[in-house]
Amino acid sequence: KRQSGWRSFSASGGNIDGAEPGNGYTYHVFTSPGTLTCTGDASIEYLCVGGGGAGGWNDVGGGGGAGAMRSGTLSSTEAGTVTVTIGEGGAVNPSSPHRGGDGEASSLVGPAITTITSDGGGGGGAGNNSQPNKNAVYSGNGSAGGGGWNGGEGASGGTYGNNGGDGNTTPTGSTNAGGGGGAGSAGVTKSNGPQTGFAAGGNGSPLPAYAGPLFPTMPTDWKTASGPTGLYAGGGGGGGDNAPQGSRPPGGGGQGGTGGCTGPHNSASNAITNTGSGGGGATGCGESGASNGGDGIVICRYQSN
């Protein structure tokens with residue numbers, strides 16, 4: 001029974017979406033900055049994902065870390081306007097210092113709510129063993145990038161993320177950078193020894209309440225990346241040299257560098273936009289192709305009247 005004084009709730013802003021017949025909720029999807037304008041009383045659930053970090057450049061670079069992934073319920077939205085910011089994914093840096101760029105923060109800010117901030121993910125470390133920037137560096141609340149090849153260290157992730165993997169230390173033979181951390185697990189560190197593939201990024205984290213099939217008007221690649229379990233914020237794969245064709249790292253869309261100088265010269269793939277996933281690290285083919293992190297996303301939902 002509704003309490004006395006309850007007012008029916010309505011909201012505007014973002015892209016209003018949801019599968020029909022729906023699951024009993026109205027969704028407002030923000031892939032760019034905007035406002036959620038609310039009238040009446042309701043509990044609003046949210047998903048807030050920061051932009052993913054870019055992969056490391058300059059030879060075999062580390063994978064980018066995923067943006068912080070936060071979900072919960074807004075404390076109050078009575079007659080309020082919530083300002084939504086969407087963090088951009090980090091960009092590759094083909095000039096010094098060659099670390100991948102960090103992603104930017106996504107947030108929800110309003111006078112009647114406690115501010116929600118999801119920092120962007122950390123960029124991957126540089127790949128060249130003579131570079132002083134092969135170690136990943138990160139200080140946000142999301143996931144961290146992986147270290148570059150030849151002993152680069154993955155950074156530590158924050159409260160809403162995981163650590164990046166380390167680059168291996170063998171200067172010949174097994175040449176791998178570390179995978180970027182994801183919301184669900186840390187980036188992979190490949191051991192020294194024979195090549196068996198590339199260091200995958202950490203898994204994304206599933207939230208079925210925000211699964212791709214619920215959003216029929218979103219782009220196909222985004223829906224595929226999110227999938228039926230609602231995966232977001234996967235880490236980017238670490239670059240590798242002279243390895244067999246790598247597989248797509250699990251998670252929300254980051255893909256690592258594939259191929260190498262004596263194999264297929266495959267550049268890394270950009271993370272799928274609006275998943276907050278990290279970009280893949282460069283391969284070992286003369287600085288070929290690190291990739292950008294994916295932009296973040298904010299999704300709000302409430303029970304339909």
Side-chain angles (χ1 to χ4, degrees), residues 29-34 47-57 61-70 84-94 98-107 117-126 136-146 155 157-158 160-162 164 179-183 187 201-205 218-219 221-226 231-239 248-249 251-257 267-282 289-299:
V29 182
F30 291 86
T31 58
S32 60
L47 169 66
C48 180
V49 184
W57 193 258
M69 178 175 170
R70 301 183 63 180
V84 176
T85 300
I86 303 299
E88 294 185 358
V92 297
N93 184 3
H98 301 295
R99 286 195 190 101
D102 292 348
E104 296 180 347
S106 298
S107 63
T117 301
S118 293
D119 289 339
V137 177
Y138 186 60
S139 60
N141 64 21
S143 293
Y160 304 103
N162 285 288
N203 293 332
S205 184
M218 289 295 288
D221 56 353
W222 181 91
K223 287 186 286 189
T224 300
S226 174
L231 275 173
Y232 295 88
R248 187 179 187 84
Q255 183 171 1
S267 296
S269 296
N270 292 330
I272 302 298
T273 190
N274 300 122
T275 64
S277 299
S291 64
N292 298 326
D295 292 352
I297 195 168
V298 169
I299 304 175

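Since the structure is predicted, the reported quantities are computational estimates derived from the model, not experimental observations.
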Closest non-hydrogen atom pair, [X] against [Y]:
X	Y	value
K223	M218	CE-O, 3.0 Å
A136	G145	CB-O, 3.3 Å
S205	M69	O-CE, 3.3 Å
V92	A54	N-CB, 3.7 Å
R99	G125	CG-CA, 4.4 Å
G280	S291	N-OG, 2.6 Å

Quick one: list whatever passes side-chain contact (heavy atoms from CB on, under 4.5 Å) with [X], sequence neighbours left out.
X	result
A144	Y138, A155
S107	T85, V109, T117
F30	H28, L36, V84, I86, V298

Heavy-atom distance under 4.5 Å between the side chains of W222 and I297, does that happen here?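 Side-chain contact under 4.5 Å: yes.
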Hey, does S226 have a side-chain heavy atom less than 4.5 Å from the side chain of Y232?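 Yes - at least one pair of side-chain heavy atoms lies under 4.5 Å apart.
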Short side-chain to backbone donor-acceptor contact, S143 and G65, under 3.5 Å: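 Pair absent, no side-chain N/O of S143 close to backbone of G65.
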Hey, does the side chain of S277 reach the backbone of A271 with a donor-acceptor pair shorter than 3.5 angstrom?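 Not at all, since once roles are kept as given, no pair shorter than 3.5 Å links the two residues.
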From [X] atom [atom1] to [Y] atom [atom2], the distance as rounded to the nearest 0.5 Å:
X	Y	atom1	atom2	value
S106	E88	OG	CD	10.0 Å
D119	R70	CG	CZ	9.0 Å
L231	I272	CG	CD1	12.5 Å
S139	D102	OG	CG	7.5 Å
T273	D295	OG1	CG	4.0 Å

